[in-house]
Amino acid sequence: MKLFAINIICAFLHVSCQNPTDHWTLVPNTLVLEVDGGLGQYPLSCLDSAEEVMSRDDQGRDIIWKKNGEELPQKGNVYSVQLEESLGGGNYTCHSKNGSLLNHTVVLIKEEESKRKRILIKTDQDYLKCSAQNYNGDFHCSWTWHRSRVGEVAFIRVQRVSDSNDTHCTVDVSGQLWTCSTGQRKFRCSVDDSGQSISCLDEQHCPYAEEIHLIYISVYVKTEHFLVENYSKYFYLSEIVKPDKVRISEVNKSLIEWTYPSSWASPYSYFPLTFQIAQFRKECRNCANPCTELKPTKMLTVHSSDRCSSKVKHKTKTVCVRAKDAFSNSEWGEWSHIRLMRKRRNN
């Protein structure tokens, strides 16, 4: 009744009361309705063609509709989804009179930017945090769910910005493995079991060639209440590369050595790393990470593509080492640390 009254007012004033304001198919049988928070409706068809409808004995009049498994009072080939604020999403199924499934559509609601409550939480000034261990074409993106709106991945799109708009993205039956491809390029992505990160590979990327085109990644996430939001990011691998931890060993009382991360690209002369070495004289037995919780007595920066070693000052108790790409302004890797085995004097 309220919806009918609104429509009458809109017609009388000759204004547009369109809601949803936009709609599109995300993946087969999944429809996104973009809403402005007002009242509206959207028609769902059970049988797509008029021939299918007319071939039925009941001509579609006895088609039964269900939302999330609950039968709805409206019958017939077309069902009007009622929209109000962010409500209206759900798994809509249509059935013949004997109960057999005829069709289904998952309706997801996307609110206007100014009205929506975020499904993800912004960390470090961004919603998607992406990093790469090397230049082999692999990268990893993670996010943090809002504690009251935990959901799942609904759609993934990855491409180079040079790629045409005919990038086609599909998912396997598990809903975890995604493939986005054009005629020239293919990305493969897998959703982590936790549902809060993805790992992707650009299969045509060459680590020895200059990276000319940005990577564009778009992740649609949905909640159990059928709300959907899109989060996207542009980057070069050189901007997100973050080396793994190095491995440190003690040579003698005054010298330590470390090795390049095993996951880092080779040859090291072509992919050199810069290392930061921190030395600490104080003990920190109960620290979760002495590299970040103590103030160093000495800090060094070393550029090396072959032998990695550093002298250690007298009375140093702990040494920490981390690495970053020597040629890009990317992140430092995580600290590795070693507690030196100093012999104690006998009293």
Side-chain angles (χ1 to χ4, degrees), residues 1-4 6-7 17-48 52-53 60-120 145-157 169-176 178 191 195-196 218-231:
M1 186 68 183
K2 184 163 59 172
L3 180 61
F4 175 76
I6 290 291
N7 289 336
C17 290
Q18 182 182 8
N19 192 34
T21 58
D22 199 5
H23 61 88
W24 65 91
T25 299
L26 193 61
V27 293
N29 297 100
T30 299
L31 177 71
V32 176
L33 302 181
E34 189 164 355
V35 301
D36 59 10
L39 295 171
Q41 56 185 336
Y42 186 87
L44 293 180
S45 294
C46 180
L47 304 176
D48 295 328
E52 286 182 289
V53 176
R61 288 187 295 271
D62 289 336
I63 289 177
I64 299 167
W65 286 87
K66 294 182 180 181
K67 179 182 178 182
N68 303 331
E70 296 291 328
E71 187 169 334
L72 300 166
Q74 185 177 327
K75 293 184 179 182
N77 185 55
V78 178
Y79 179 84
S80 294
V81 176
Q82 303 303 308
L83 303 171
E84 183 177 359
E85 297 180 343
S86 62
L87 303 177
N91 182 17
Y92 291 85
T93 57
C94 55
H95 308 258
S96 61
K97 189 161 54 175
N98 64 10
S100 60
L101 179 67
L102 298 175
N103 205 346
H104 74 281
T105 303
V106 176
V107 175
L108 301 178
I109 303 298
K110 185 177 186 295
E111 297 177 287
E112 281 188 347
E113 188 76 22
S114 60
K115 300 180 183 294
R116 67 181 181 176
K117 296 178 180 178
R118 292 285 182 178
I119 297 174
L120 303 184
W145 297 102
H146 189 285
R147 66 173 180 266
S148 64
R149 289 187 287 277
V150 176
E152 61 185 39
V153 172
F155 184 76
I156 295 173
R157 183 183 185 89
C169 299
T170 58
V171 64
D172 72 346
V173 293
S174 72
Q176 301 293 102
W178 291 80
V191 182
Q196 55 189 18
S218 177
V219 180
Y220 283 80
V221 293
K222 65 179 181 180
T223 70
E224 61 180 345
H225 301 297
F226 298 93
L227 296 178
V228 66
E229 290 176 357
N230 175 33
Y231 298 87

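Below, each value reflects all heavy atoms present in this structure, side chains not excepted, and no hydrogens, waters or symmetry copies. Quick caveat, the model's predicted, so the values are computed rather than measured. Nothing fancy with the numbering, it's 1 onward along the sequence.
I119 and L227 get closest at one heavy-atom pair: CD1-O, 3.9 Å. Of all heavy-atom pairs spanning P20 and Q41, the tightest one is CD-O, 3.6 Å. Here the closest non-hydrogen pair linking N29 and H104 is ND2-O, 2.8 Å. When all heavy atoms are compared, the tightest approach of V78 to P43 is CG1-CB, 3.8 Å. K75 approaches I64 most closely through the heavy-atom pair CE-CG1, 4.4 Å. V191 and I156 make their closest contact through CG2-CD1, 3.9 Å (heavy atoms, listed as atom of the first residue, atom of the second, distance).
A search for side chain to side chain contact (heavy atoms under 4.5 Å, CB included) contacts involving V150 returns W145, not counting sequence neighbours. E71 pairs by the salt bridge (Lys or Arg N to Asp or Glu O under 4.0 Å) definition with nothing, not counting sequence neighbours. In this structure N98 satisfies the side-chain hydrogen bond (donor to acceptor under 3.5 Å, both in side chains) test together with S96, S100, sequence neighbours excluded. Listed by chain and number, the residues in a ring-ring contact (aromatic ring centres under 6.0 Å, His included) with F155 are W178, Y220 (sequence neighbours excluded). Applying the side-chain hydrogen bond (donor to acceptor under 3.5 Å, both in side chains) test to H146 and every residue at least two apart in sequence or in another chain returns S148, R149. When the side-chain hydrogen bond (donor to acceptor under 3.5 Å, both in side chains) test is applied to T93, the partners found at least two apart in sequence or on another chain are H95.
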Checking side chain to side chain contact (heavy atoms under 4.5 Å, CB included) for the pair N68/F226: CA distance, chi angles, key distance, verdict?
CA-CA 11 Å; N68 303 331; F226 298 93; 3.5 Å; yes
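Salt bridge status for E229 with K110: absent, with no side-chain N to carboxylate O gap under 4.0 Å.
Side chain of Q82 to main chain of S80: a donor-acceptor pair is present (N/O by atom type, distance under 3.5 Å, no hydrogens or angles).
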